[in-house]
Amino acid sequence: MQPVEAYEQDQLEENYDNSTYATKDDETINEGANMPENSQQDIQNSQAGQSSQAPVEKKNQPKLIISSYSMNPKMAEAGSNFDLSITLYNTNYENGIYNLKMSLDPNMQSQPQTTSENQNVSSGSVFVPVNSSNTFYTQAIYPWQTDTKNIKLNVLPNAAAGNYVMNVNFEYEDADGTQYQTTESIGIAVVQKSEVSTSEIMLDELSANTPSSISMDIFNTGKDNLSNFMVKVEGEGFDTDQDSYFIGNLQAGAQESFQATITPKEAGEINGKIVMTYEDSTGEEHKEEKEFKKEAIDMPQDQYDENGNLIDPQTGEVIGANPGGNGAFYTNGIFWVGLVIVLVLLALLIRKRRKKKKEEQELTIDE
């Protein structure tokens with residue numbers, strides 16, 4: 001049997017432990033009783049699994065941007081195809097992008113507007129995908145990774161020259177299935193083909209040291225408005241009174257005429273060209289040339305005397321002048337023709353008066 005002292009010691013230790021546990025439980029209960037009602041409710045919601053808590057917005061969302069894009073050629077020409085390359089970039093360092101859908105949507109409000117000088121703006125999109133739709137799909141773009149899409153587009157022939165804004169729309173998901181929608185924009189420059197036509201060069205007969213006229217008609221047969229239009233005459237063996245002519249603006253479908261006077265320096269063949277320079281709607285400078293050549297004949301300077309009389313190049317005499325004389329008026333054939341006419345009229349007048357006088361005499365005798 002256990003000694004009495006040992007048994008009593010064991011009972012005292014057991015009672016101490018029980019009182020300690022009871023004290024801790026009572027303190028916990030008392031603390032709960034003294035807590036504010038809101039805190040007690042929060043604890044109860046936490047113990048119930050927080051089933052009534054609102055969803056928290058996810059942080060570190062994946063973002064998709066267009067890191068770069070390029071065109072070939074750099075400017076799209078109306079009526080032609082061009083290649084568009086768009087590089088997409090996932091800027092997030094942790095979360096990937098999944099089920100990506102990309103679509104092209106031209107922004108009509110940012111297109112060149114119709115003016116009285118240019119009626120070529122289309123009422124719809126001027127860009128048409130070639131052998132594909134305007135929608136593209138990518139399965140995934142992982143953090144800090146890129147994906148490049150290559151698209152071939154056609155520009156409608158009636159598109160106005162200018163800068164167009166194209167919207168690129170994105171729809172994608174993250175790893176949890178949360179959906180996102182974003183839009184990026186790119187600019188596309190469209191140019192119209194510039195084309196100038198001309199008539200044949202009109203050139204009068206050329207004589208040495210004698211001014212002659214040269215002219216040409218100019219037509220803007222393209223769909224682009226041209227500016228700083230300049231026309232020049234260049235060449236060797238002749239002088240000109242107006243070597244350049246500034247037209248300025250030449251609208252699509254317009255016509256201008258160029259005319260100048262050239263003087264051959266001597267007899268023989270002359271070679272020249274009419275040079276046209278102008279700028280299109282993009283500011284690019286163009287240069288076109290139209291060549292001409294023609295034979296200039298020799299015209300002696302002593303063919304006429306100081307009085308303007310025609311000189312015979314063989315004898316050096318005035319043509320029609322009396323040999324040995326000074327070319328008086330009676331050597332002129334016109335003088336003799338006029339004299340004959342005057343004499344005939346005078347004879348008719350005299351005859352008429354004689355006839356009238358004779359009739360009056362006969363009337364007197366009858367009376």
Side-chain angles (χ1 to χ4, degrees), residues 57-113 120-122 124-194 224 279-286:
E57 183 179 357
K58 183 176 181 179
K59 297 181 179 180
N60 198 20
Q61 298 178 0
K63 291 182 174 59
L64 184 65
I65 65 170
I66 296 177
S67 60
S68 64
Y69 72 96
S70 61
M71 295 172 52
N72 185 26
K74 293 183 178 181
M75 291 188 178
E77 184 176 305
S80 302
N81 296 339
F82 70 96
D83 295 320
L84 177 63
S85 178
I86 301 177
T87 300
L88 312 178
Y89 177 56
N90 181 1
T91 64
N92 198 286
Y93 69 92
E94 184 178 17
N95 297 318
I97 289 173
Y98 304 93
N99 294 328
L100 169 63
K101 174 186 173 183
M102 182 184 81
S103 60
L104 305 180
D105 180 24
N107 185 356
M108 297 302 299
Q109 296 180 352
S110 299
Q111 290 190 4
Q113 300 298 313
N120 297 326
V121 178
S122 172
S125 173
V126 300
F127 306 108
V128 180
V130 179
N131 299 327
S132 69
S133 69
N134 68 329
T135 303
F136 306 89
Y137 174 78
T138 297
Q139 183 176 1
I141 302 179
Y142 298 106
W144 286 351
Q145 298 299 311
T146 62
D147 183 58
T148 300
K149 297 295 182 183
N150 297 311
I151 310 128
K152 183 180 289 292
L153 299 172
N154 177 266
V155 186
L156 296 185
N158 65 336
N163 293 320
Y164 291 76
V165 175
M166 176 177 288
N167 290 337
V168 184
N169 301 321
F170 301 112
E171 298 179 18
Y172 56 92
E173 301 174 356
D174 60 16
D176 297 330
T178 305
Q179 297 185 356
Y180 303 90
Q181 293 183 356
T182 60
T183 299
E184 297 282 319
S185 299
I186 60 176
I188 298 179
V190 174
V191 296
Q192 276 285 353
K193 182 179 181 181
S194 59
D224 195 11
E279 296 178 2
D280 59 22
S281 57
T282 66
E284 182 179 357
E285 186 171 332
H286 299 261

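Taking the six-membered ring where tryptophan is involved, the planes of Tyr172 and Tyr180 are essentially parallel, since the angle between them stays under 30° and well short of 60°.
Applying the salt bridge (charged side-chain N to carboxylate O under 4.0 Å, His left out) test to pairs two or more places apart or on separate chains, those with a residue in residues 133-157 are Asp83-Lys152, Asp147-Lys149. Applying the salt bridge (charged side-chain N to carboxylate O under 4.0 Å, His left out) test to every pair with at least one member in residues 63-81, sequence neighbours left out, gives no pairs at all.
The CH2 atom of Trp144 lies 10.5 Å from the CD atom of Glu94; values are rounded to the nearest 0.5 Å. Taking CD1 of Ile141 as the start and OH of Tyr98 as the end, the distance is 11.0 Å to the nearest 0.5 Å. With rounding to the nearest 0.5 angstrom, the CG atom of Asn150 is 11.0 Å from the CG atom of Asn72. Note: Met75 CE to Ile188 CD1 = 12.5 Å, rounded to the nearest 0.5 Å. The distance from the CD1 atom of Ile151 to the OH atom of Tyr69 is 12.5 Å, given to the nearest 0.5 Å. Atoms CD and CG, on Glu284 and Asp224 in that order, are 10.5 Å from each other to the nearest 0.5 Å.
Among all heavy-atom pairs drawn from Pro157 and Gln192, the shortest one is O-NE2, 3.0 Å. When all heavy atoms of Ala189 and Asn163 are compared, the pair lying nearest together is CB-OD1, 3.4 Å. Nearest approach of Val165 to Ser185, heavy atoms of both residues: CG1-CB, 4.1 Å. Listed here is the closest heavy atom pair of Pro62 and Asn95: CB-O, 4.1 Å.
Residues Leu104 and Phe127 fail the side-chain proximity criterion, which asks for heavy atoms closer than 4.5 Å. Asp174 is not listed as a side-chain neighbour of Gln61, based on a closest heavy-atom distance of 4.5 Å or more. Looking at Leu84 and Ile186, their side chains come closer than 4.5 Å, going by heavy atoms from C-beta outward.
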Taking it one step at a time, do Ser103 and Thr135 satisfy side-chain hydrogen bond (donor to acceptor under 3.5 Å, both in side chains)? CA-CA 4 Å; Ser103 60; Thr135 303; 5.2 Å; no

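Of the N and O atoms on the side chains of Thr282 and Asp280, at least one donor lies less than 3.5 Å from an acceptor on the other residue. Asn167 and Thr183 share no donor-acceptor pair across their side chains, judged by distance under 3.5 Å alone.
Asn81 pairs in a side-chain contact (heavy atoms from CB on, under 4.5 Å) with only one of the listed residues (Val155, Val130, Val128, Leu153), which is Val130. With respect to Phe170, the side-chain contact (heavy atoms from CB on, under 4.5 Å) criterion is satisfied by exactly one of Ile97, Thr138, Leu64: Leu64. Screening Asn134, Leu88, Asn169 against Met102 for a side-chain contact (heavy atoms from CB on, under 4.5 Å) leaves a single residue, Leu88. Shown are Ser67, Ser85, Ser70; of these, the side-chain contact (heavy atoms from CB on, under 4.5 Å) with Thr148 is made only by Ser85.
The environment of CD in Gln179 is sparse: at most 12 heavy-atom neighbours from other residues, nucleotides or ligands sit within 6.0 Å.
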